[in-house]
Colleague: 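First the structure, which I've put down as structure tokens, then a few questions once you've had a look.
Note that the structure is predicted; figures quoted are calculated from it, not measured. Values reported hereafter were calculated over all heavy atoms of this structure, with side chains retained and with hydrogens, waters and symmetry mates removed.
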Amino acid sequence: MKADQPTLPRILVLASGSGTNLQALIDASRERDFPGQIIAVGCNRPNAFALERAAQANIETFVIDHTKYGSREEFDGALMAEIRRHNPDLLVLAGFMRILTTDFVRAFRGKMLNVHPSLLPDYTGLNTHKRVLEAGDKLHGVSIHFVTEELDGGPVIAQAEVNVTPDDTPETLAEKVQEKEHILYPIVVRWFCEGRIQLGSDYVAFDGEPIGKPTRLPDN
Ligand SMILES: Nc1nc2c(c(=O)[nH]1)N[C@@H](CN(C=O)c1ccc(C(=O)N[C@@H](CCC(=O)O)C(=O)O)cc1)CN2
Ligand SMILES: NCC(=O)N[C@@H]1O[C@H](COP(=O)([O-])[O-])[C@@H](O)[C@H]1O
């Protein structure tokens, strides 16, 4: 890891599970020209393997266990206080499996990204791979978006397509989608750290210009 770089944008990653997207970001951040630094990783589950990945990369970790709180508001309040202690410039949700309250989202509006396993606005929520197969769709993919109060409804920055084949299962589709996630997310985080993307009232600006449609990478 680069020594603590006081001038580079400070990235805090939130995860709940395996952390393969976190790993992709850790690997990208090791590139000499990467314009950001991951300063901490937080999880809501004490057994999340993402914590092990962070520890292996000498990145500070914390756990705010959502099962220990009486309400979503109390959990979010504790999480917000811990995050603020780290003073991040960017919050990256990387498989973070908690719906965040309006107060939380407003506190970090414009500096919180999420990776969602579908071509939004289709298939918000959970179990997207299974739902895509049940619908008989031939195209699936991943979206990187700003997080807003509306679940998975924030302005989409970039997408990558995945072709669905007849022999696909939710598991094989998840693997295909995650391969694209691991490529796309570091690119978008780099754009944010370079100051190239901003959240407008209900749109994304890229290099200062509102984008009509998200950048979409085809499956090839
Ligand atoms: N206010 C917002 N919060 C979150 C957003 C968002 O856009 N706005 N994105 C999600 C990420 N996400 C899908 O990409 C997602 C995560 C979790 C859930 C969900 O239903 N969670 C349940 C618990 C599920 C579990 O523990 O396995 C819950 O919170 O009750 C839906 C979508 C992150 N938050
Ligand atoms: N709705 C949120 C959601 O389903 N997010 C998905 O969870 C996985 C986390 O994997 P990881 O922990 O290995 O990065 C990723 O595929 C991400 O798209």
Side-chain angles (χ1 to χ4, degrees), residues 1 4 9-27 29 36-118 120 123-131 142-154 170-171 174 177-178 181-182 185 188-189 192 199:
M1 293 302 290
D4 196 38
R10 299 165 59 81
I11 302 164
L12 192 148
V13 180
L14 295 179
S16 299
S18 169
T20 64
N21 275 283
L22 167 65
Q23 191 62 59
L25 292 166
I26 289 171
D27 296 345
S29 71
Q37 57 180 322
I38 301 172
I39 47 101
V41 172
C43 293
N44 63 301
R45 293 174 181 157
N47 62 347
F49 191 66
L51 295 165
E52 179 59 29
R53 295 181 189 273
Q56 288 295 323
N58 298 315
I59 298 170
E60 185 178 348
T61 63
F62 62 84
V63 174
I64 307 286
D65 183 345
H66 68 277
T67 66
K68 305 296 187 193
Y69 294 85
S71 71
R72 201 176 289 276
E73 289 71 20
E74 287 172 16
F75 166 72
D76 278 21
L79 182 58
M80 198 185 304
E82 178 62 28
I83 289 169
R84 282 179 163 153
R85 203 172 62 78
H86 295 275
N87 189 32
D89 299 296
L90 173 63
L91 270 186
V92 171
L93 307 187
F96 183 69
M97 301 304 287
R98 299 300 298 173
I99 298 171
L100 295 162
T101 59
T102 296
D103 285 351
F104 186 103
V105 173
R106 284 181 180 163
F108 299 106
R109 189 184 192 284
K111 58 179 189 177
M112 182 160 53
L113 305 176
N114 182 52
V115 55
H116 180 76
S118 81
L120 292 171
Y123 301 105
T124 59
L126 298 175
N127 304 311
T128 61
H129 310 304
K130 177 173 179 288
R131 291 156 61 197
V142 54
S143 302
I144 313 291
H145 64 96
F146 278 106
V147 175
T148 62
E149 294 84 344
E150 182 188 353
L151 184 63
D152 304 330
E171 293 72 27
V177 167
Q178 288 213 319
E181 292 176 352
H182 301 158
Y185 218 171
V188 174
V189 170
F192 184 95
L199 175 62

Colleague: Sequence neighbours left out, cut at 3.5 Å: what donor-acceptor pairs do the side chains of residues 40-51 make with other protein atoms?
Modeller:
unit_1: Asn44; atom_1: OD1; unit_2: Ser16; atom_2: OG; d: 2.5
unit_1: Asn44; atom_1: ND2; unit_2: His66; atom_2: ND1; d: 2.9

Colleague: If you look only at distance, which donor and acceptor atoms sit under 3.5 Å apart when one is on a side chain in residues 88-99 and the other is two or more places apart or in another chain?
Modeller:
unit_1: Asp89; atom_1: OD2; unit_2: Arg10; atom_2: N; d: 2.7

Colleague: Quick check for you: to the nearest 0.5 Å, what is the distance between Ile144 atom CD1 and Glu181 atom CD?
Modeller: 7.0 Å

Colleague: Apply the test side-chain contact (heavy atoms from CB on, under 4.5 Å) to residues Ile11 and Phe192: give CA-CA distance (whole Å), side-chain angles for both, the deciding distance (0.1 Å), then the verdict.
Modeller: CA-CA 10 Å; Ile11 302 164; Phe192 184 95; over 6 Å; no

Colleague: Could you walk me through whether Phe104 and Glu73 satisfy the side-chain contact (heavy atoms from CB on, under 4.5 Å) test, starting with their C-alpha distance in whole Å, then the side-chain angles of each, then the deciding distance to 0.1 Å, before giving a yes or no?
Modeller: CA-CA 9 Å; Phe104 186 103; Glu73 289 71 20; over 6 Å; no

Colleague: First locate atom CZ of Arg53, then atom OG of Ser18, and finally report the distance between them rounded to the nearest 0.5 Å.
Modeller: 4.0 Å

Colleague: Quick check against the 3.5 Å criterion: does Arg106 have a side-chain atom that pairs as donor or acceptor with the backbone of Glu149?
Modeller: no

Colleague: Passes salt bridge (charged side-chain N to carboxylate O under 4.0 Å, His left out), Lys130 versus Glu171? Steps please.
Modeller: CA-CA 9 Å; Lys130 177 173 179 288; Glu171 293 72 27; over 6 Å; no

Colleague: Decide side-chain contact (heavy atoms from CB on, under 4.5 Å) for Met112 and Leu100; before the verdict, give the C-alpha distance in whole Å, the side-chain angles of both, and the deciding distance to 0.1 Å.
Modeller: CA-CA 11 Å; Met112 182 160 53; Leu100 295 162; 4.0 Å; yes

Colleague: Just so I know, are the side chains of Tyr123 and His129 near enough to count as touching, which here means a heavy-atom distance under 4.5 Å?
Modeller: no

Colleague: Inspect the contact between Glu60 and Arg85 and indicate whether a charged nitrogen and a carboxylate oxygen are less than 4.0 angstrom apart.
Modeller: yes

Colleague: Run the ring-centre check on Phe62 versus His86 and record whether the distance is less than 6.0 Å.
Modeller: yes

Colleague: Please round to the nearest 0.5 Å and tell me the distance separating atom NE2 of His145 and atom OG1 of Thr124.
Modeller: 9.5 Å

Colleague: Nearest heavy-atom pair of Leu199 and Arg109: which atoms, and what distance?
Modeller: CD2-NH1, 3.4 Å

Colleague: Is any side-chain heavy atom of Ile38 closer than 4.5 Å to one of Leu25?
Modeller: yes

Colleague: Between Asn21 and Tyr185, which heavy-atom pair has the shortest distance, and what is it?
Modeller: OD1-CD1, 3.9 Å

Colleague: Excluding sequence neighbours, so at least two apart, what forms side chain to side chain donor-acceptor pair (under 3.5 Å) with Asp76?
Modeller: Thr101

